[in-house]
S.K.: 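Take this structure first; my questions come after.
All chains are named by letter (A, B, ...) in the order of the sequence lines, taking the proteins before the strands, and each is independently numbered beginning at 1.
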Amino acid sequence: KPAQGRLDAFFKTS
Amino acid sequence: MIEAVLAQASIFKKIVEALKELISETNIDFSEAGISLQAMDSSHIALCNLLLRDDGFKSYRCDRALTLGVNLNSLSKLLKCAGNDDEMRIFANDDSGADQLNFSFESANSERVSEFSLKLMDIDADSVDIPDMDYQAIIDMSSSEFSRIIRDLSSVGEAVSIDATKQGVKFSSAGDAGKGSILLKHQKSVDGDSALATSIEINEPVSHSLALKFLSSFAKAAPLTDRVSIHMTEDVPVMFEFKISEIGHIRFYLAPQIDD
C-alpha cells in the first residue's frame with residue numbers, strides 16, 4: 001500500500 | 001523594536017486559521033523584508049511557508065531581525081478578539097529579549113482599542129532549504145473549487161490522484177464503498193474569464209497520488225484568496241500556492257507517495 005513520503009528525503013535540513 | 005500594522009485584522013486571522021490545523025507551534029521570523037515562517041508538520045510530510053512583505057503593511061518597522069516562537073492555537077484564540085475590519089498592530093520590544101508578542105486592535109471608527117499579548121516560547125525546529133524548481137505542470141484554479149473537490153473526494157477515499165494533461169486536470173479517489181472523479185477542463189484565459197476557470201501550463205503529463213488529509217488542511221487557506229496554483233513534477237514534492245493579495249503568499253509542500 002503506498003504511503004506518504006517524508007520531505008527530509010527531498011529538502012536539505014539546515 | 002518591531003512594529004507591523006495591517007489595515008485589516010481579517011487577513012492575519014485567516015492566515016492563522018489556514019496554518020493551525022497542520023502546525024501547532026512555529027517560529028515566526030521578523031526581518032527588514034517582512035514577516036515569514038517555515039514549518040513542517042510533526043510527521044515531516046508537509047511544510048508550510050508564509051511570506052508577508054514589508055510593503056504590504058500599512059506601516060512596518062524592524063530594527064533588528066527577530067525569531068519569535070508562538071503556539072498557533074493560543075494565537076488563534078487571541079485573534080478571535082479582533083474584529084475583521086479592525087486595524088491590527090503587532091509589536092515586540094527586543095531590548096531585553098522579547099518574551100511576549102503584543103497586539104492591538106483598533107475599530108474602524110477608532111472608538112475602541114483593545115490590547116492583548118501572547119507569551120512566546122522557545123521552539124527548536126528544523127528548517128529546510130527549498131530549491132527553486134521548474135515544475136512540469138502548473139494548474140491554476142479557483143480556490144473554492146479546490147476546497148469543494150477535496151471535501152467531495154474525502155467522502156469517497158483517503159487519497160486523491162491528480163492527473164494533469166494539456167486538456168485538463170482530473171481529481172479522482174477510490175475507497176471501499178466506491179469511487180469518484182472530477183475533471184476540470186483547461187480554459188484559455190480570455191477577457192471576462194469566470195472566476196471558476198482552470199488553466200494548465202504543462203510540459204508533459206504529470207500524475208500524483210496524495211493523502212486527502214493534508215489537502216484538507218491546505219484548503220483552509222482558500223478564504224484568503226480566489227485562486228490556488230498546484231505545481232507538480234513527477235516524484236518531487238507538490239507545491240500548493242495561495243497568493244495573498246498585495247502582501248505575499250502561503251505555500252504548502254507535500255511529499256509524494258512512496259511504495260511502502
Side-chain angles (χ1 to χ4, degrees), chain A, chain B residues 22-23 27 29 38-49 67 124-133 135 157-162 173-176 207-218 231-240 251-260:
Chain A
K1 188 185 167 191
Q4 209 68 49
R6 284 167 60 99
L7 288 169
D8 311 59
F10 300 93
F11 298 147
K12 204 169 65 186
T13 311
S14 56
Chain B
L22 197 66
I23 290 144
N27 282 321
D29 298 313
Q38 187 206 75
M40 279 193 274
D41 78 306
S42 56
S43 59
H44 285 208
I45 291 171
L47 178 146
C48 73
N49 166 242
T67 296
D124 189 15
D126 291 331
S127 72
V128 298
D129 296 323
I130 301 165
D132 279 330
M133 282 184 278
Y135 289 92
E158 290 181 356
V160 58
S161 173
I162 307 177
S173 184
D176 294 340
S207 178
H208 266 284
S209 185
L210 301 167
L212 279 161
K213 181 179 80 164
F214 291 98
L215 272 59
S216 302
S217 292
F218 303 168
H231 302 239
M232 302 204 297
T233 295
E234 290 288 344
D235 300 322
V236 307
V238 183
M239 193 259 276
F240 299 78
R251 290 176 181 161
F252 296 101
Y253 293 82
L254 183 59
Q257 284 198 331
I258 48 172
D259 287 320
D260 209 7

S.K.: Would you give the length of the straight line joining atom CG of Leu7(A) to atom CD1 of Ile130(B), rounded to the nearest 0.5 angstrom?
M.R.: 8.5 Å
S.K.: To check you understand the geometry: which heavy-atom pair defines the closest contact between Ala255(B) and Gly5(A), and what is its length?
M.R.: CB-O, 3.2 Å
S.K.: Distance check, rounded to the nearest 0.5 Å: His44(B) atom NE2 versus Asp8(A) atom CG?
M.R.: 5.5 Å
S.K.: Using a 3.5 Å distance criterion without hydrogens, assess whether the side chain of Arg6(A) forms a donor-acceptor pair with backbone atoms of Ser43(B).
M.R.: yes
S.K.: Under 3.5 Å, is there a donor-acceptor pair between the side chain of Gln257(B) and the main chain of Ala3(A)?
M.R.: no
S.K.: CD of Glu234(B): more than 12 outside heavy atoms within 6.0 angstrom?
M.R.: yes
S.K.: Verify whether the ring centers belonging to Tyr253(B) and Phe10(A) lie closer than 6.0 Å.
M.R.: no
S.K.: Sequence neighbours excluded, which residues qualify as side chain to side chain donor-acceptor pair (under 3.5 Å) partners of Thr13(A)?
M.R.: none
S.K.: Does Gln4(A) use its side chain to pair, donor to acceptor, with the backbone of Leu210(B) at less than 3.5 Å?
M.R.: no
S.K.: Check whether more than 12 heavy atoms from other residues, nucleotides or ligands sit under 6.0 Å from atom CG of Asp129(B), and answer yes or no.
M.R.: yes
S.K.: Tell me, please, which residues at least two apart from His231(B) pass side chain to side chain donor-acceptor pair (under 3.5 Å).
M.R.: Ser229(B)
S.K.: Which bit of Ala159(B) is near chain A, if near means a heavy-atom gap under 4.5 Å: side chain, backbone, both or neither?
M.R.: neither
